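So the structure is just underneath, and the comments pick up after that.
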Amino acid sequence: MSPAPRYVSTRGQSPAVPFATALLDGLAPDGGLYVPDHVPALPADWRDAPTLPALASRVLTPWLGDWLAPDTLGALVDDALSFPIPLVSLEGPWEGVRVLELFHGPTLSFKDVGARTMARLTAAALGDETLTVLVATSGDTGSAVADGFAGQPGVRVVLLYPNGQVSPVQERQLIVERPGVQALAVEGTFDDCQRLVKAAFAEPPQDGVRLSSANSISVGRLLPQMLYYPWALAQSGLEDAVFCVPSGNLGNLTAGVLANLAGLPVRRFVAAHNRNRFFPRNLSGRVEPFPPSVSTLSNAMDVGAPSNFERLQILLPGPALAERVWGTSVDDAATLGTMRAVHDATGYVADPHTAVGLEGIRRYREHTGDPTPAIVLSTAHPAKFPEAVQEALGVTPPTPDALAALEGRPTRVETIAPTLDALRRFL
Ligand SMILES: *Cc1c(COP(=O)(O)O)cnc(C)c1O
């Protein structure tokens, strides 16, 4: 096995560090994002892993080196990945399209995969130290991180979300009281929340508080997110597939690109955005000025300036980006129309984010004529978006146990102005 990567900054002004350091730092000291200095090969036996945790150990080991003993890593991913990730085949006009349901974890979005794994890796890396995890969320990150980290020894979580811009269900998931977690409703947009997090990192508090981040900028979430691509392909029995990724901050897409560079056969990626049309706009690699984010039904993807683009530009330089990735932008009307069309034709109930992906793959197939079987990442449970499901289908999805259990639990949240001073009081 080749030596594990060291992690270097996208901005090139920070020293190369081992995984555990990159994990606890979050951002590199120069403000860049950590990327591996080389991509280790996917183990040859990836198709034969009997369970998701077994695959996780195989996929992650080359990236972590000998930092964790095999048994320690095995127990950690067993605990983190304790829920199923089924692959569902659609029929009729959607024949050849499979949906990878990543939303069966405790907070009902794909973010449980990365956040739960990251939380346990972080606790392992901390030893006796303490850490404050600072996280900006446009909806699902905050609850996954809060749930994933709550009660982990030595960790405090401060989460920021844009006040009034997440759904009622999402908000309840964010603000239920959890040990070691403080929720902050910021009077601003998601981009303001992200700006505050970056500002806090640029000027960390003096009194020895160690800050880290759990956005998809963290390698601790990014690497576990590679898992679902080989998992889906192994389950499908397909040689290769087009992967369609409903995209916001481009964490999932970047993880898929890493898996692909590590040797996973992927025909092409489709980045399906909502009206925040980052791709197709910037596929040439030449970046146009980022417009501010706009609010949509698929609000966890309302990102104007995706952080992970900085990584993609390094991983897929020049023309490689447009060769590997096709992009499209799906507005709210098309999102609702797709939810309806898929339900009418197949009975499948998709949430708005997944619907953006389904419409993305439909357009890709129509535009390119590429008949390769497709796998659409389904990023959230439809019950997280009952208003949109009601509007599109005229029915309300049944409430899963994980949500019903939140009713009546005590909540804790503070509203703050979108300034660093306001945030400081909570660090
Ligand atoms: C976070 C999120 C996305 C966007 O994922 P990125 O990795 O940030 O591109 C899409 N759908 C849902 C439901 C999400 O929570």
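Both counts, for ligands and for their atoms, begin at 1 and track the order of listing. Basis for what follows: all heavy atoms, side chains included, without hydrogens, waters or symmetry-related copies. Source: prediction; values computed, not measured.
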Verify side chain to side chain donor-acceptor pair (under 3.5 Å) between Lys111 and Gln225, making sure each step is shown before the conclusion. CA-CA 9 Å; Lys111 293 197 169 76; Gln225 290 180 183; over 6 Å; no
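- Remark: ligand 1 atoms within the under-4.0 Å shell around heavy atoms of Ala380 are 13 (C).
- Within the listing of ligand 1, atoms 7 (O) sit less than 4.0 angstrom from a heavy atom of Asn252.
- Distances below 4.0 Å separate heavy atoms of Asp140 from the following atoms of ligand 1: 12 (C), 13 (C), 14 (C), 15 (O).
- The closest side-chain donor-acceptor pair between Ser9 and Asp30 falls under 3.5 angstrom.
- Side-chain polar atoms of Asp140 and Gln170 form a donor-acceptor pair below 3.5 angstrom.
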Working note: Gln152 + Arg120, criterion side-chain contact (heavy atoms from CB on, under 4.5 Å); need CA distance, chi angles, decisive distance, verdict. CA-CA 8 Å; Gln152 292 289 330; Arg120 284 151 185 79; 3.7 Å; yes
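- Distances from atom 11 (N) of ligand 1 to the heavy atoms of Leu108, Asp112, Thr379 show the closest one on Thr379.
- Residue contact annotation: Phe103 has no non-hydrogen atom under 4.0 Å from ligand 1.
- Distances between N or O atoms of Met301 and those of ligand 1 include no value under 3.5 Å.
- Aromatic rings from Phe243 and Tyr229 are positioned such that their centres are separated by under 6.0 Å.
- Salt-bridge formation is detected for the pair Arg11/Glu310: a Lys NZ or Arg NE/NH1/NH2 atom is positioned less than 4.0 Å from an Asp or Glu carboxylate oxygen.
- Per-residue contacts place Ser247 under 4.0 angstrom from the following atoms of ligand 1 (heavy atoms of the residue considered): 9 (O).
- Residue contacts with ligand 1: Thr141 is excluded, as none of its non-hydrogen atoms falls under 4.0 Å.
- The pair Asp25-Arg210 meets the salt-bridge criterion, since a charged nitrogen lies less than 4.0 angstrom from a carboxylate oxygen.
- Ligand 1 has an N or O atom lying under 3.5 Å from an N or O atom of Asn249, backbone or side chain.
- Every atom of ligand 1 is numbered from 1 in the order shown, and the set under 4.0 Å from a heavy atom of Lys111 is 1 (C), 2 (C), 3 (C), 14 (C), 15 (O).
- Listed by number with element, the atoms of ligand 1 under 4.0 angstrom from any heavy atom of Gly248 are 4 (C), 6 (P), 8 (O), 9 (O).
- Using the six-membered ring where Trp is involved, Phe279 and Phe309 have ring planes that are perpendicular, over 60° apart on the 30 and 60° scheme.
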